[in-house]
Amino acid sequence: TLSGDNDYDGDTTVEQGTVIVANNHALGTASVIMKNGTILEWGGNHTLENDFELSGSVNFNAFNKVGKLTGVISGNGSLISAGFLGSSLE
């Protein structure tokens, strides 16, 4: 679980497993690269401003929380979303 207000400005790569975000700025300020089979899970009602690059099948799970993405989603992967309540992709 990433719960801190992170001002890291380099790209973040999630190679495997699940990352739980519990802060709007948990993933820093740059792009997040999600590899095949990885999961991004919301630990509360949060808005993520990061751009996401998907490589393979990636899961975004909010489990009945308000999850919002305002960055660009790109890459050659696919996005599977689950459990979003009041979610939006802008």
Which atom of [X] lies closest to which atom of [Y], heavy atoms considered:
{"X": "K68", "Y": "W42", "result": "N-NE1, 4.0 Å"}
{"X": "V21", "Y": "H46", "result": "O-CD2, 3.7 Å"}
{"X": "V19", "Y": "L2", "result": "CG1-CD1, 3.7 Å"}
{"X": "A30", "Y": "G10", "result": "CB-O, 3.4 Å"}

Straight-line distance of [X] [atom1] to [Y] [atom2], nearest 0.5 Å:
{"X": "L27", "Y": "F52", "atom1": "CG", "atom2": "CZ", "result": "5.5 Å"}
{"X": "E15", "Y": "M34", "atom1": "CD", "atom2": "CE", "result": "11.0 Å"}
{"X": "T47", "Y": "E49", "atom1": "OG1", "atom2": "CD", "result": "7.5 Å"}
{"X": "I33", "Y": "T38", "atom1": "CD1", "atom2": "OG1", "result": "11.0 Å"}
{"X": "S74", "Y": "D51", "atom1": "OG", "atom2": "CG", "result": "7.0 Å"}

Would you indicate whether D5, at its atom CG, is surrounded by more than 12 heavy atoms from other residues, nucleotides or ligands within a distance under 6.0 Å? yes
V14/K35 under side-chain contact (heavy atoms from CB on, under 4.5 Å): CA gap, chis, key distance, verdict: CA-CA 6 Å; V14 181; K35 299 290 185 170; over 6 Å; no
Testing I80, I39, L69 for side chain to side chain contact (heavy atoms under 4.5 Å, CB included) with F60, which one passes? L69
Among N24, V32, L40, side chain to side chain contact (heavy atoms under 4.5 Å, CB included) partner for L48: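 That would be L40.
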Distance-only, no hydrogens or angles: does the S78 side chain make a donor-acceptor pair with backbone N or O of V58 under 3.5 Å?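 Side chain of S78 to backbone of V58: no pair is present.
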May I ask you to decide if S55's main-chain N or O and N36's side chain share a donor-acceptor pair within less than 3.5 Å?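 No, the answer is negative, given that no donor and acceptor are paired below the 3.5 Å cut-off.
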Within the 3.5 Å criterion, strictly below it, is a donor on N6 or H25 matched to an acceptor on the partner's side chain?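 H25 and N6 do not have a side-chain donor-acceptor pair below 3.5 Å.
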